[in-house]
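In this text, all values refer to a predicted model and were calculated from it rather than measured experimentally.
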Amino acid sequence: MSDQQADVLVVGGGPAATWAALKAAGAGASVVLADKGYCGTSGATAAGGTGVWYVPPEPAAREAAMASREGLGGYLADRRWMARVLDETYERINELATDGRYPFPTGPDGQPLRNGLQGPEYMRRMRIRIRRAGVRVLDHSPVTELLTDADGAVAGAAGYRRQAREHYRVRAGAVVLATGGCAFLSGALGTNTNTGDGALFAAEAGAELSGMEFSNAYGIAPEGTSVTKTAFYSFATFYQEDGAVLEGAASQGGRSVIARELLTGARVYARLDRADERTRAAMRLAQPNFFLPFDRLGIDPFTDRFSVTLLAEGTVRGTGGIRITGDDCATAVPGLYAAGDAATREEICGGFTGGGSHNAAWAISSGSWAGRGAARYALSLGSGRAAHRALTPAGGAGLRPAGTAGPAGGHRDAVALVQAEVLPYDKNYLRHGTVLADSLRTLDGAWAELRTSLYGEGADRVRARQAAAMTAHARWMYAAALARTESRGMARRLDHPEQDPRLHHRITVGGLDRVWSRAEVAA
């Protein structure tokens, strides 16, 4: 096993992780960043483009920006946090333009357009920036568990370096979890690394989660492809197999109609026939990767009908994640910070996020705050204490079976089981209390089994931990969904279709062998 040491360890490699690493280094901390993939190319942002919640500091514009999402999110957002994110995002995007030399386009009036980013170029530049700041980057080095000290504070992490085929450990004064959300290996673009690992690590160390009921996000994609960019489907008409218009189907507010039609076994078709010539040209410039599958298949999406499906995106485009307890994105566990999709986004979105925009702004802002906060905490420990603390591994399921270890490859069955309970539209998207309860019982049984016997060596250890993380994630999701006996934000319940004013609160969940939930009054 190789050993490394840093003031701050950042786990992840996307926007939140790189901003955290950059700001921690800027605060004077030594920083190691460990990514499951290759930092700069892994994760949902690097695979595509994204809008950004970038609003100039004009009172009317800021007010409109904050008000626009409050109703959608069930009025669970916090205006103070929204204002903080707008301020931080504005500064950091401008910094990306000047210090990062990101080539933002200009509008007809010659002013720069800074409300969108091309993921590959954005992340390429962020990798360059953190390397220049002195951050040590460990690529293809998934973390498998956190390490804690005698007082229960997080003191580093352990993992496995895929290419070197060796286990490693990083001693650190503080850890930032920026591992992304969980899409349950659904095949959605860029989410193959998003298996909820950070949430499992945090829970094992004693952290809580919030907003996990807001996790039933499904993106529209051409059938047989992975590109779940749904914004352009606002220009689409949806059709049944016989060519008749599928009434009520839409990108916003009509995805459940698509889901119900697909559940019958019929195909659903789309055509972007509501976009005029000028809009079509602008769409190709804004999101060129949206059109790659069509170009490869010889389809003109503006004139040809093409079949579509819905792919689960879970907490990648949902809201739930690790509960934060301070302005610096600290968690309830000393020395542990959370950022980006690994953290709850309720503070700015309540119960509804969607793709890009707010999530992108949250990644930039929370990453920056978490990096600075982690550096401040780590440096306060002094140079000797962080390096010489006795370490205790926090990981359980998939690493240390409570019973006899099962056969190799047990993670495959565990993943298949959780996907069978989370991916189907009639279980997770079109939610009903009876179905949720049945699925949760199945998942509780699956957790008990994998906790007893799931185990892997080498790369299979990483896969076993992914299976455990997905199972835990699904249980927290459904426990929170059952606790919210109403429809609010994206947490829709067929058996409770109305919003209940008595439930105007957030729901915190936690626990591993026994999952619990409680109500939290929103700020």
With sequence neighbours excluded, what pairs up with Glu70 under the salt bridge (Lys or Arg N to Asp or Glu O under 4.0 Å) test?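 Listed in chain order: Arg79.
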Holding to salt bridge (Lys or Arg N to Asp or Glu O under 4.0 Å), I want the full list of residues that pass it with Lys229, two or more places apart in sequence or in another chain.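 For Lys229, no residue satisfies salt bridge (Lys or Arg N to Asp or Glu O under 4.0 Å) once neighbours in sequence are set aside.
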Exam field: side chain [X] to backbone [Y], donor-acceptor pair closer than 3.5 Å:
X: Tyr337; Y: Val10; answer: no
X: Asp500; Y: Thr485; answer: no
X: Arg506; Y: Gly211; answer: no
X: Thr18; Y: Pro15; answer: yes
X: Ser366; Y: Gly340; answer: yes
X: Thr353; Y: Asn359; answer: no
X: Gln419; Y: Leu185; answer: yes
X: Arg62; Y: Val55; answer: yes
X: Thr98; Y: Asn94; answer: yes
X: Ser439; Y: Leu436; answer: no

Shortest non-hydrogen separation from [X] to [Y] and the atoms involved:
X: Arg431; Y: Asp495; value: O-OD1, 4.3 Å
X: Met490; Y: Gly318; value: SD-CA, 3.8 Å
X: Thr228; Y: Ala221; value: CG2-CB, 3.9 Å
X: Val316; Y: Ala44; value: CG1-CB, 4.4 Å
X: Met477; Y: Phe184; value: SD-CZ, 3.4 Å
X: Leu494; Y: Leu430; value: CD1-O, 3.7 Å

Would you indicate whether the side-chain heavy atoms of [Y] and [X] approach each other to under 4.5 Å?
X: Lys427; Y: Asp438; result: no
X: His505; Y: Leu503; result: yes
X: His358; Y: Arg345; result: no
X: Thr344; Y: Glu208; result: no
X: Trp53; Y: Thr89; result: no
X: Leu22; Y: Glu95; result: yes
X: Tyr90; Y: Arg114; result: no
X: Gln240; Y: Glu261; result: yes

Pair listing, salt bridge (Lys or Arg N to Asp or Glu O under 4.0 Å) test, anchored in residues 472-484, at least two apart: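 Every pair satisfying salt bridge (Lys or Arg N to Asp or Glu O under 4.0 Å) with a residue in residues 472-484: Glu213-Arg484, Asp444-Arg475, Arg484-Glu486.
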Sorted by first residue and then second, give each salt bridge (Lys or Arg N to Asp or Glu O under 4.0 Å) pair with at least one member in residues 37-50; sequence neighbours left out.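 For residues 37-50: none.
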Starting from the C-alpha separation in whole Å, work towards a yes-or-no answer on side chain to side chain donor-acceptor pair (under 3.5 Å) for Ser215 and Thr315. CA-CA 5 Å; Ser215 52; Thr315 52; over 6 Å; no
Using the rule given for side-chain contact (heavy atoms from CB on, under 4.5 Å), can you reason through Met470 versus Cys182, listing the C-alpha separation, both sets of side-chain angles and the distance that settles it, and then say yes or no? CA-CA 7 Å; Met470 288 193 291; Cys182 182; 3.9 Å; yes
Are there more than 12 heavy atoms of other residues, nucleotides or ligands under 6.0 Å from atom CZ of Arg101?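 Count not over threshold, so no.
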Would the number of heavy atoms belonging to other residues, nucleotides or ligands and lying under 6.0 Å from CZ of Arg125 be above 12?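 Above 12, so yes.
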Using 4.0 Å as the upper bound for N to carboxylate O, is an ion pair formed by [Y] and [X]?
X: Arg278; Y: Asp276; result: no
X: Asp139; Y: Arg127; result: yes
X: Asp87; Y: Arg84; result: no
X: Glu88; Y: Arg92; result: yes
X: Arg441; Y: Glu421; result: no
X: Arg280; Y: Asp300; result: no

Interatomic spacing from [atom1] in [X] to [atom2] in [Y] - rounded to 0.5 Å:
X: Arg493; Y: Leu482; atom1: CZ; atom2: CG; value: 6.0 Å
X: Tyr218; Y: Leu310; atom1: OH; atom2: CG; value: 8.5 Å
X: Trp476; Y: Leu443; atom1: CH2; atom2: CG; value: 12.5 Å
X: Ser487; Y: Arg492; atom1: OG; atom2: CZ; value: 4.5 Å
X: Asp78; Y: Glu346; atom1: CG; atom2: CD; value: 11.0 Å
X: Trp362; Y: Trp369; atom1: CH2; atom2: CH2; value: 6.0 Å

With sequence neighbours excluded, residues passing side-chain hydrogen bond (donor to acceptor under 3.5 Å, both in side chains) with Trp19: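 Partners of Trp19 by the side-chain hydrogen bond (donor to acceptor under 3.5 Å, both in side chains) criterion, ordered by chain and then number, come out as Tyr122.
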Aromatic centroids of Phe232 and Phe302 separated by under 6.0 Å: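 Centroid separation for Phe302 and Phe232: 6.0 Å or greater.
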Candidate pair Thr191 and Glu313, rule side-chain contact (heavy atoms from CB on, under 4.5 Å), full reasoning: CA-CA 8 Å; Thr191 64; Glu313 295 176 307; 5.7 Å; no
Determine, stepwise, if the pair Val176 / Val11 fulfils side-chain contact (heavy atoms from CB on, under 4.5 Å). CA-CA 6 Å; Val176 178; Val11 186; over 6 Å; no
Among Phe294, Phe238, Phe291, which residue meets the ring pair (Phe, Tyr, Trp, His ring centres under 6.0 Å) test with Phe306?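 Option passing the ring pair (Phe, Tyr, Trp, His ring centres under 6.0 Å) with Phe306: Phe294.
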List the steps, then state whether side-chain contact (heavy atoms from CB on, under 4.5 Å) holds for Lys36 with Thr195. CA-CA 11 Å; Lys36 184 188 288 189; Thr195 51; 3.1 Å; yes
Could Arg255 and Tyr429 be counted as a cation-pi pair, given that NZ or CZ must be under 6.0 Å from the ring centre and within 45° of the axis?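 Here Arg255 fails the 6.0 Å and 45° test against Tyr429.
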All pairs passing ring-ring contact (aromatic ring centres under 6.0 Å, His included) where residues 251-282 contributes a residue, at least two apart: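 As it turns out, there is no ring-ring contact (aromatic ring centres under 6.0 Å, His included) pair with a partner in residues 251-282 once direct neighbours are skipped.
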Assess the side chains of Ser210 and Glu520: does a donor N or O sit below 3.5 Å from an acceptor N or O?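 The criterion, which ignores hydrogens and geometry beyond distance, is not satisfied for Glu520 and Ser210.
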